Asker: 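My questions will all concern the structure given below.
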Protein chains: 2
Amino acid sequence: MSTTPLAAPRRATITDVAREAGTGKTSISRYLNGEMSVLSPELRARIEAAIERLDYQPNQMARGLKRGRNRLIGMLLADLTNPYSVEVLQGVEAACHALGLMPLICHAANEVEMERRYLQLLTTYRVEGVIVNALGVREETLRPVGGGGIPAVLVDRSVDGLVADMVGLDNRAAAELGTRHLLDNGFDDIWFVVQPFEQVSSRQLREAAFREVMSGEGGAGGTSSGKGKGGAHGHTLVLNLAEPVAVERALAELDRAIDAAGGLGGAAASVTGDATSSVTDRTGGKGSRIALFAANAPVALCLALHLKARYGPDWQTRVALLSIDDPEWAELTGITAIRQPTYEIGYRAVEFLHERIEGVQATARDCLLPGELIVRASTLR
Amino acid sequence: MSTTPLAAPRRATITDVAREAGTGKTSISRYLNGEMSVLSPELRARIEAAIERLDYQPNQMARGLKRGRNRLIGMLLADLTNPYSVEVLQGVEAACHALGLMPLICHAANEVEMERRYLQLLTTYRVEGVIVNALGVREETLRPVGGGGIPAVLVDRSVDGLVADMVGLDNRAAAELGTRHLLDNGFDDIWFVVQPFEQVSSRQLREAAFREVMSGEGGAGGTSSGKGKGGAHGHTLVLNLAEPVAVERALAELDRAIDAAGGLGGAAASVTGDATSSVTDRTGGKGSRIALFAANAPVALCLALHLKARYGPDWQTRVALLSIDDPEWAELTGITAIRQPTYEIGYRAVEFLHERIEGVQATARDCLLPGELIVRASTLR
DNA sequence: CTGTTAGCGCCTTCAA
DNA sequence: TTGAAGGCGCTAACAG
């Protein structure tokens with residue numbers, strides 16, 4: 001039951017403390033900065049007491065203004081709705097903590113305009129550096145950052161024309177890992193589903209790696225569909241989540257393929273021990289085993305929701321789903337996933353940035369961390 | 001292909017602009033603050049040009065130092081992992097945007113110590129106000145905030161002894177809505193599963209409302225289990241997600257109940273009251289329809305994962321699940337949910353805070369927003 | 001060891 | 001209409 005004085009009593013300043021302790025501001029400042037060795041125990045005690053009495057807390061803004069550094073860094077996220085972002089954030093926070101930095105978290109919510117405004121705002125607040133999980137846009141937007149501007153490190157994707165450190169998933173390896181897993185498990189009709197990837201480097205890399213594996217070591221062709229040596233087919237399907245009608249169209253295409261394939265090959269004694277599910281099995285003729293490879297969690301969710309709506313709760317008996325990203329519902333649904341080392345990605349990003357802030361001048365570095373394949377029922381038959 | 005000068009050329013200051021424009025700092029300041037009426041068109045043009053040429057951007061820290069307000073507010077989140085937080089955040093961001101505020105997002109990651117540190121940090125940066133989605137702790141931690149300190153508004157839960165505006169779900173109504181829905185659909189054995197709720201007001205309210213409905217209009221008793229008029233049973237199960245062993249134990253208890261009910265009835269496994277059990281009795285009845293009412297998304301997820309692991313993909317044929325919160329996987333899994341007006345909660349919180357910042361002195365207000373029941377297959381039989 | 005003196009970048013009287 | 005001077009809270013040389 002604390003008494004709460006209504007009039008907020010202006011916060012004590014360093015001057016107040018100096019007066020209260022009967023000394024000069026300099027000594028207070030020294031105390032604040034831990035220069036204990038140059039303070040007589042006696043003075044030090046008085047200062048301590050005064051600070052305590054006044055509940056004094058130094059004004060970081062003023063400090064920052066004076067010393068030219070405020071220990072603030074910006075963390076620009078493209079989409080907090082994506083679990084990936086939140087996980088990366090955890091790493092970022094931990095690292096900031098360890099390094100005495102304070103992250104200003106900005107959420108662009110997938111809007112380029114927001115991204116621009118936040119970047120501008122961060123500049124205005126004179127953050128010492130920025131970690132950017134950029135929307136897939138032109139360098140232009142990031143003008144104030146990197147090279148000539150404040151230090152920046154990119155997360156997950158790079159931006160054309162912007163030289164800066166980058167840390168993210170080893171996309172090539174991850175996509176290969178996933179594709180090989182599907183092939184090894186006998187799927188011969190694989191659809192790589194991805195959001196528009198012209199602008200986003202990580203998506204590009206994933207898609208390219210998928211295509212390469214599918215077309216076999218030899219043919220790194222440029223088509224969006226290819227036949228591997230084992231006779232497996234690979235397709236790339238673009239799913240523009242921002243465009244409902246486009247999504248509709250793409251999903252329809254997928255449906256046609258699934259229907260044509262006539263269900264999943266192999267014994268119907270599938271994941272569900274459900275006896276009623278007798279959707280027949282391997283059609284002797286052209287029964288191919290279809291698998292969907294989602295380029296990230298949002299795509300995977302969209303696919304899963306659609307499939308469930310179309311084929312019912314047992315949709316997994318018809319199609320296999322593998323996703324890059326391992327969202328919380330993956331285990332629940334039993335889909336196979338490639339988990340990104342999100343925490344580490346965030347942590348490393350801050351470390352890189354910190355080095356830059358401290359003046360390290362090395363040429364732009366790339367840090368690619370490996371993903372981990374988590375096999376679940378979905379891709380095992 | 002921009003040329004990127006390696007040496008970061010110190011950012012231009014107001015003095016630089018003044019010199020460049022051949023005028024005094026005062027005029028620049030006036031320009032910055034939109035006092036156009038007192039600037040000759042000619043001077044104004046020169047200033048504009050100078051700013052453009054120098055790519056000048058006023059230093060917010062310095063401005064804040066001078067005027068005493070920096071347009072910064074703190075947003076303290078208990079757990080960003082909970083989709084609820086992210087959704088509320090969206091509302092907060094939108095409102096801040098509209099009101100010219102900049103939210104500093106802090107993530108306590110469920111650690112009280114973090115919460116304390118961040119609060120201290122925010123104080124130190126002299127934010128003008130704070131929006132707090134507090135961990136369930138004593139007022140003590142929030143000392144610097146509310147009443148005597150900087151303006152604060154609470155989100156989702158209130159804190160004992162701390163008088164401040166609060167905005168959140170109408171927990172009582174929501175819990176009633178859910179409970180009634182289950183009863184209406186013929187479930188006669190309902191388990192309300194909730195994290196430890198002594199410290200968290202919202203959980204308390206939900207649990208209490210559930211219990212009240214279950215024990216019928218008359219008996220607002222103090223037991224954690226009761227029998228409604230229709231002969232329905234209500235149980236409260238505490239799930240301490242932070243304690244794996246406790247979770248284990250609680251889930252085991254649930255399993256027993258489910259097995260007893262689901263089986264051929266007769267077995268009536270005499271549930272010998274485990275001493276450590278957080279649940280009271282349940283009558284070994286046969287053929288009762290069991291439903292689980294999760295107090296929030298994290299609990300619901302934990303339950304779903306467990307049930308799936310134990311009963312397989314078809315777990316929903318054995319138990320019904322209803323959750324407060326409507327996470328992205330709810331639709332996918334088909335569980336019924338009560339969606340919170342998260343966006344609006346965040347938005348209103350900022351509006352309240354803004355009013356406080358502007359000096360409104362009304363007594364502490366509570367804003368309770370209604371939840372929306374979204375019926376899915378899980379609770380329909 | 002300790003205090004005095006300048007500013008950091010900006011805003012705000014107060015004159016001109 | 002414009003500018004000069006002083007100060008926000010704090011730090012960083014310089015003296016004592």
Side-chain angles (χ1 to χ4, degrees), chain A residues 8-48 50-51 54-72 121 123-128 150, chain B residues 8-48 50-51 54-72 121 123-128 150:
Chain A
R10 193 183 51 70
R11 281 218 144 276
T13 78
I14 200 175
T15 308
D16 299 326
V17 179
R19 191 185 326 106
E20 179 81 12
T23 178
K25 301 193 296 181
T26 312
S27 294
I28 310 297
S29 176
R30 293 210 175 95
Y31 177 89
L32 260 30
N33 293 297
E35 301 173 34
M36 300 310 188
S37 54
V38 286
L39 288 179
S40 68
E42 196 270 331
L43 212 204
R44 183 168 150 184
R46 264 161 47 215
I47 293 180
E48 217 144 67
I51 287 183
L54 270 43
D55 184 31
Y56 169 70
Q57 295 186 257
N59 182 330
Q60 292 296 347
M61 297 306 182
R63 304 183 95 171
L65 184 57
K66 184 63 202 168
R67 14 164 72 147
R69 43 158 35 186
N70 51 22
R71 313 281 60 198
L72 256 29
L121 204 57
T123 289
T124 257
Y125 276 104
R126 296 295 187 272
V127 296
E128 300 183 37
I150 55 184
Chain B
R10 193 184 49 70
R11 279 217 145 277
T13 78
I14 200 175
T15 308
D16 298 327
V17 180
R19 192 184 325 107
E20 179 80 12
T23 177
K25 302 194 292 181
T26 312
S27 295
I28 310 298
S29 176
R30 293 211 175 95
Y31 177 88
L32 259 31
N33 292 298
E35 301 173 34
M36 301 309 189
S37 54
V38 284
L39 288 178
S40 67
E42 198 269 331
L43 213 205
R44 182 168 151 185
R46 264 157 51 212
I47 294 181
E48 217 143 67
I51 288 183
L54 271 40
D55 185 30
Y56 168 70
Q57 295 187 255
N59 182 329
Q60 291 297 344
M61 297 306 182
R63 304 185 96 171
L65 183 58
K66 185 65 204 170
R67 359 163 91 147
R69 48 168 18 195
N70 51 22
R71 313 282 59 196
L72 256 28
L121 204 57
T123 288
T124 255
Y125 274 104
R126 295 292 187 275
V127 296
E128 298 183 39
I150 55 185

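Given the structure is predicted, the values throughout are model-derived calculations rather than measurements. Below, chains carry the letters A, B, ... as their sequence lines are ordered, and counting in each starts from 1.
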Asker: Whole angstrom is fine here: how far is it from CD1 in I14(B) over to C1' in dG3(D)?
Answerer: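 Computing the I14(B):CD1 to dG3(D):C1' distance gives 12 Å.
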Asker: Over how many whole Å does the gap from M36(B) atom CE to dT2(D) atom P extend?
Answerer: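 Taking CE of M36(B) and P of dT2(D), I get 13 Å after rounding.
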Asker: Please determine, for the side chain of L43(B), which listed nucleotide (dG3(D), dC10(D), dG9(D)) has the closest atom?
Answerer: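 Nucleotide nearest to L43(B)'s side chain: dG3(D).
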Asker: Mind checking the P distance from dG6(D) to dT5(C)? Whole angstroms is fine.
Answerer: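 Between the two P atoms, the distance is 15 Å.
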Asker: May I have the distance from R63(B) (atom CZ) to dC10(C) (atom P), rounded to whole angstrom?
Answerer: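 Atom CZ in R63(B) sits about 8 Å away from atom P in dC10(C).
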Asker: Once side-chain contact (heavy atoms from CB on, under 4.5 Å) is applied, do any residues pair with T26(A), and if so which ones, sequence neighbours excluded?
Answerer: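 Scan of T26(A) (side-chain contact (heavy atoms from CB on, under 4.5 Å), adjacent residues dropped) gives R30(A).
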Asker: Could you give the CZ-to-C1' distance, from R44(A) to dG3(C), as a whole number of Å?
Answerer: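 Value for this atom pair: 20 Å.
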Asker: Nearest to the side chain of R67(A) - dG9(D), dC8(D), dA12(D)?
Answerer: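 Of the options given, the side chain of R67(A) lies nearest dA12(D).
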Asker: Under the side-chain contact (heavy atoms from CB on, under 4.5 Å) rule, collect the residues that match up with E20(A), sequence neighbours excluded.
Answerer: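 By the side-chain contact (heavy atoms from CB on, under 4.5 Å) rule, E20(A) matches A50(A), R53(A), L54(A).
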Asker: Could you identify which residues of residues 17-29 of chain B place a heavy atom less than 4.0 Å from some atom of DNA chain D, listed by residue number, or say none?
Answerer: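 Heavy-atom cutoff 4.0 Å gives T23(B), G24(B), T26(B), S27(B).
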Asker: Which residues pass the side-chain contact (heavy atoms from CB on, under 4.5 Å) test with K66(B), not counting sequence neighbours?
Answerer: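 With neighbours one apart ignored, the set is empty.
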Asker: Could you tell me the separation between the CG atom of D16(B) and the P atom of dC8(C), rounded to a whole number of Å?
Answerer: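 Taking CG of D16(B) and P of dC8(C), I get 11 Å after rounding.
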Asker: Determine the minimum heavy-atom distance between S27(A) and L43(A), stating which atoms define it.
Answerer: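 For S27(A) and L43(A), the tightest heavy-atom pair comes out as OG-CD1, 3.7 Å.
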Asker: Can you sort out the partners of Q60(A) under side-chain contact (heavy atoms from CB on, under 4.5 Å), two or more places apart, ordered by chain and number?
Answerer: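 So Q60(A) forms a side-chain contact (heavy atoms from CB on, under 4.5 Å) with R63(A), T124(B), Y125(B).
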Asker: May I have the distance from E35(B) (atom CD) to dT13(C) (atom P), rounded to whole angstrom?
Answerer: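 That distance rounds to 10 Å.
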Asker: May I ask you to list the residues of residues 55-62 of chain A, by number, that have any heavy atom positioned under 4.0 Å from an atom of DNA chain D?
Answerer: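 Within residues 55-62 of chain A, the residues near DNA chain D are Y56(A), P58(A), N59(A), A62(A).
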Asker: Can you tell me whether the side chain of R11(B) and the base of dG9(C) have a donor-acceptor pair closer than 3.5 Å?
Answerer: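 When only heavy-atom distances are counted, R11(B) does not reach the base of dG9(C) through any donor-acceptor pair under 3.5 Å.
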Asker: Distance check needed: dC10(D) C1' versus K66(B) NZ, whole Å only.
Answerer: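 Whole-Å distance recorded here is 14 Å.
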Asker: With the side chain of N33(B) defined as its heavy atoms from C-beta on, choose the nearest nucleotide among dC8(C), dC10(C), dC11(C).
Answerer: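 Of all the options, the side chain of N33(B) is nearest to dC11(C).
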Asker: Strictly below 4.0 Å: does S40(B) bring a side-chain N or O up to OP1 or OP2 of dT2(D)?
Answerer: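 So the side chain of S40(B) is within the cut-off, an N or O lying under 4.0 Å from OP1 or OP2 of dT2(D).
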Asker: Within this structure, what is the CG-to-C1' distance between L65(A) and dT11(D), rounded to whole angstrom?
Answerer: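 To the nearest whole Å, that distance equals 10 Å.
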Asker: By nearest atom, which of the nucleotides dC10(D), dT2(C), dG9(C) is closest to the R30(A) side chain?
Answerer: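 Output: dT2(C).
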Asker: For DNA chain D, whose closest nucleotide is more 5', that of R126(B) or that of E42(B)?
Answerer: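 Its nearest nucleotide being more 5', the pick is E42(B).
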